[in-house]
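Data block below; observations after.
Numbering of residues begins at 1 and proceeds along the displayed sequence. Keep in mind that this is a model prediction, so the values were computed, not measured. Atoms within each ligand, like the ligands themselves, are counted from 1 in listed order.
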Amino acid sequence: MEHTDILAPLDIELQKVRSLGGSMSVVVIPQRYADKALGYKRTVDTAVSMKDYLVVGLFNTQASEASARFLSLPKGIAVYPQDGKDIETLFFEALERLRFMGTTPWVKRLWDSIKDARSSEFKDDPESRFISSTFYQFLAFLAAHPNEMRYLLKGSDNPELSWVREYLPYGHGNAGESRENVSEADITELFQSWRYQEKMETKSEKGKNTLRRFRNIEHLFTLPSISREIIGLAGDTLLAASKMAGIIEKDPVLTSRVLKVVNSAFYGFHRQIDSVEQAVVILGNDEVINLAFSIAIHKVLETISPEYAKQLWEHSLVVAHLSQWLGPHIGYTNKQRLYTVGLLHDLGKIMFLQRGHFIGGFSGPASLEDLAGEEIDSGISHAEMGGYIAERWNLPEAIVDGLMSHHLPSKARDMSLAVTVHLADVLAHCGGIDLARVNSAAVTYLSERKGPAISQDVLSQTAGEIVQRVKTILEAEK
Ligand SMILES: [Fe+2]
Ligand SMILES: [Fe+2]
């Protein structure tokens, strides 16, 4: 018999639903579960047997309800009208979903699709790297199901999944027995109900819209030319103080900042210093470049609410200074870059605030849920947003990459830089290293690195000193 003949009873039901304007779920279940499935079926539903499968049409039922009805059974579900308009299309769609979800390969396919997204080079569309390189909603979903993660990641038989762990906070998905009994069917159920594909597509659409909107307000994306000129000198280690002073003196705002800072209590000179060149000699070129950058960012900060601006500004400076201190301990020594990436790490938050977007919490380092919230709102998180702006400013790729990976250091091209800024961020927020807030790849990176460990005491003490130092600098700048 042709399959259209076998499906005929379901087709009659579908026609009824169509004329009533309702919905219908078509559920395909492997034949060996047919007895159980028939037990869960209501009298208004229609079931037919087709070779290896039982096909059930659930009258006026959406996918979530159909899924709940056959909770423990492997199945594929397609719903009229969204997944197809005729019974054949619905049947094949449901069958395809069953095949995808049926046995272990679905896990592999799911991971592969995420892996593809993270490893693609995005050559055709340079902006897509800011949209498609992360999927925080999915990571937050995984982090919210530690028991299921433990089941998926257990044993050594699944090496291709272990990278997932690197994306989660420390302690998630660690090997060990699941506390509750979790079956493959439960996990299949869980993943199916999450609708990965649909969410991914929505995220991508929103991300494109967000970037389009930001692109259209190009005037926000200019660095003051004086800052650009000074930052351009950053690589020149032999730069004479007189040359630097010459550039600074062209700009009255920068001149007064430099003089205020050098005369602040922090440097403790009794005599008033009024020559910019002398100030450059005392502060050092690095510090002057930092100041130039700070002024540029401060200008951007003026466009958001003073209360947020103050918090973000202090936080950014603390992370910049902490990164400079931590970097060499972690294996990254370019101090200028550490400062810049530390200072700019939450640049995306400033941009989001300016445009009235939602941003995750202020009170602690952004959690996966915070980042997922930003992504639901804008399609991208503040990390990608910051990377995008830094690229528009033509800053070096190392900075763009550092901003993008400060919450997921395993994605970074240079892990030592990303791990440093990630830890500096946690340290700035928590006053110490709270491992539950730290990404696991960062913990692994640190544990594999040889060299003296820094004790929690030293970390907390230095964090305290740096906060004090930043407060002094901020006082001087008033
Ligand atoms: Fe951040
Ligand atoms: Fe931060």
Side-chain angles (χ1 to χ4, degrees), residues 130 133-137 139-140 143 167-169 210 293-294 297-298 300-301 304 307-327 338-355 357-391 395 399-412 415 417-434 436-439 441-442 459 463 466-467 470 474:
F130 301 108
S133 64
T134 46
F135 194 10
Y136 287 110
Q137 292 165 71
L139 300 178
Y167 282 8
L168 302 179
T210 301
F293 226 136
S294 305
I297 303 311
H298 215 170
V300 181
L301 272 163
I304 65 171
E307 180 204 348
Y308 287 147
K310 191 174 170 286
Q311 281 188 45
L312 260 175
W313 184 229
E314 191 176 317
H315 172 68
S316 303
L317 284 171
V318 169
V319 174
H321 287 274
L322 274 172
S323 299
Q324 270 193 323
W325 170 66
L326 270 176
L338 284 163
Y339 186 90
T340 312
V341 176
L343 184 76
L344 297 183
H345 78 286
D346 280 338
L347 177 64
K349 281 193 180 176
I350 305 172
M351 293 298 166
F352 276 164
L353 281 169
Q354 195 179 48
R355 306 306 300 166
H357 285 250
F358 166 83
I359 63 158
F362 260 121
S363 49
S367 65
L368 287 174
E369 291 90 280
D370 291 333
L371 295 158
E374 294 177 354
E375 201 179 76
I376 289 169
D377 183 67
S378 312
I380 55 174
S381 81
H382 72 271
E384 288 75 36
M385 191 70 223
Y388 175 72
I389 305 289
E391 202 190 64
L395 298 179
I399 295 178
V400 176
D401 192 62
L403 301 196
M404 278 179 69
S405 52
H406 77 275
H407 290 294
L408 289 183
S410 62
K411 274 180 21 162
M415 253 191 104
L417 174 61
V419 167
T420 302
V421 177
H422 178 69
L423 289 177
D425 189 31
V426 175
L427 195 50
H429 277 296
C430 310
I433 294 294
D434 176 358
R437 307 277 192 126
V438 178
N439 164 275
L459 286 169
I466 283 174
V467 168
V470 166
L474 288 178

- Message: Treating E374 as the side-chain partner and G360 as the backbone partner, does any N or O pair qualify as donor plus acceptor under 3.5 Å?
- Response: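 A pair under 3.5 Å: yes.
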
- Query: How long is the gap from SG on C430 to CG on L459, to the nearest 0.5 Å?
  - Reply: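 Taking SG in C430 and CG in L459, the distance rounds to 11.5 Å.
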
- Any N, O or S atom of H429 closer than 2.8 Å to the Fe ion (ligand 2):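 Of the N, O and S atoms in H429, none lies under 2.8 Å from the Fe ion (ligand 2), which means no.
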
- Closest N/O/S atom of D425 to the Fe ion (ligand 2), by atom name?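 The D425 atom nearest to the Fe ion (ligand 2), restricting to N, O or S, is OD1.
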
- Work out the angle at the Fe ion (ligand 2) between NE2 of H345 and OD2 of D346, rounded to 10°.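 Value returned, to the nearest 10°, is 90°.
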
- Close side-chain approach of L139 to L371, heavy-atom, < 4.5 Å: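 They are not in side-chain contact.
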
- Message: As a test of understanding, state which of I350, D370, D346 forms a side chain to side chain contact (heavy atoms under 4.5 Å, CB included) with H382.
- Response: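 Going through the options one by one, the only one that passes is D346.
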
